[in-house]
Amino acid sequence: MTEIKPIQLPDQQRYLNYNQVMKSEFAERIQKISINAGFTCPNRDGSKGRGGCTYCNNQSFSPEYCKPIKTVSQQVEEGINFFKHKYENQFYLAYFQSYTNTYDSLDKLKAIYEEALSHPQVKGIVVGTRPDCVNDELLDYFEELSKSVYVMIEYGIESTNDETLEFINRGHNYACAEEAIRSTAKRGIKTGAHLILGLPREDSETVLSHADKISKLPLTAIKLHQLQLIRKTVMAKQYIEHPEWFNLYTANEYIDLLIDFIERLNPEIAIERFISQSPPSLIIAPEWGLKNFEFAVKIEKRLIERDTWQGKHFVKKE
Ligand code: SF4
């Protein structure tokens with residue numbers, strides 16, 4: 001018979017905060033700096049699809065200091081200069097964020113990651129990618145690298161529902177994401193995932209079912225994002241033509257949805273973000289005007305009001 005084990009969160013915590021997890025991993029303060037190494041994306045250049053995911057306008061997640069015309073070393077230096085007035089002695093993780101940061105030959109990828117790691121204040125890399133853009137050779141390399149520096153591979157899952165993935169033109173299904181995450185974690189490499197809550201044609205129960213499914217995966221951390229309608233995207237056009245496909249939550253509705261989600265989420269998976277913050281000039285809706293830390297405060301408050309916590313309705317099956 002299957003043994004069912006409840007999991008305990010650390011004392012006084014209502015959810016497993018990724019920042020706290022990082023504090024326990026590093027003696028020093030750690031800051032991520034975004035690097036745009038000039039990758040493209042197989043869902044844009046034709047190898048997996050064309051046009052990209054329907055919500056994607058890649059400008060929406062590239063900080064100003066990060067431009068692909070600069071070398072990786074220049075971007076690392078500028079990123080460090082951007083933050084060092086606040087914390088001079090902190091260390092950094094190079095965050096390869098824009099587009100698909102494993103979409104090149106292994107030799108070129110190694111050169112890019114290792115250029116960032118050659119800076120003495122850079123203690124690791126976080127590599128954002130699609131689950132259909134990793135292979136055994138690359139994961140073996142990350143496994144070796146992770147023995148000496150921090151390595152996290154952050155996968156865009158977006159939804160666990162295959163109909164949704166097709167509708168948003170992701171170019172891969174959920175099984176592909178499961179396979180990539182399991183292959184990464186079994187090598188001892190940290191795994192991150194990105195999910196969008198509230199994609200078109202997903203009702204609240206479908207959104208919550210994502211928590212049940214990803215709770216079975218060996219994930220280190222997750223980023224949860226509200227759906228944002230971004231200018232000059234396919235989705236922005238769909239919203240004008242078919243507003244009935246969309247449920248753009250108010251901030252308070254989203255907070256309650258998030259808490260329902262967190263209650264079903266495995267408490268061993270750390271939560272890194274609750275919302276995305278695209279530049280206001282690019283956002284059509286929703287306009288909440290809240291920064292990530294302000295939102296986190298509201299979540300904490302609401303968790304207390306509802307007297308609930310991450311994993312309240314999760315049971316580990318072994
Ligand atoms: S979201 Fe990522 S995978 Fe999708 S089109 Fe944009 S860069 Fe490519």
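Whatever order the structure lists them in is the order used to number ligands and atoms, beginning at 1.
- With ligand atoms numbered from 1 in the order given, ligand 1 contributes 1 (S), 3 (S), 4 (Fe), 5 (S) to contacts under 4.0 Å with heavy atoms of C53.
- Y150 does not carry K123 over the face of its six-membered ring by the limits of under 6.0 Å from the centre and within 45° of the normal.
- Taking every heavy atom of Y99 and a limit of under 4.0 angstrom, the matching atoms of ligand 1 come to 7 (S).
- Within ligand 1, counting atoms from 1 as listed, the ones closer than 4.0 Å to a heavy atom of R130 are 3 (S).
- Put simply, C56 stays out of reach of atom 4 (Fe) of ligand 1, with no N, O or S atom under 2.8 Å from it.
- Ring orientation note: the planes of F274 and F295 are tilted relative to one another, at an angle of 30° to 60°.
- For ligand 1, the atoms lying closer than 4.0 Å to a non-hydrogen atom of Y55 are 1 (S).
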Donor-acceptor pairs under 3.5 Å, side chain of residues 23-30 to any protein atom, not counting sequence neighbours: which ones?
{"residue": "S24", "atom": "OG", "partner": "V21", "partner atom": "O", "Å": "2.6"}
{"residue": "R29", "atom": "NH1", "partner": "Q90", "partner atom": "OE1", "Å": "2.6"}

**Prompt:** Under the salt bridge (charged side-chain N to carboxylate O under 4.0 Å, His left out) criterion, do R182 and E179 qualify, and how do the steps go?
**Reply:** CA-CA 5 Å; R182 290 190 194 285; E179 165 71 20; over 6 Å; no
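- Annotation: cation-pi pair R14/W309 absent, no NZ/CZ under 6.0 Å from the ring centroid and within 45° of its normal.
- Of all the atoms in ligand 1, the ones that sit under 4.0 Å from a non-hydrogen atom of G52 are 5 (S).
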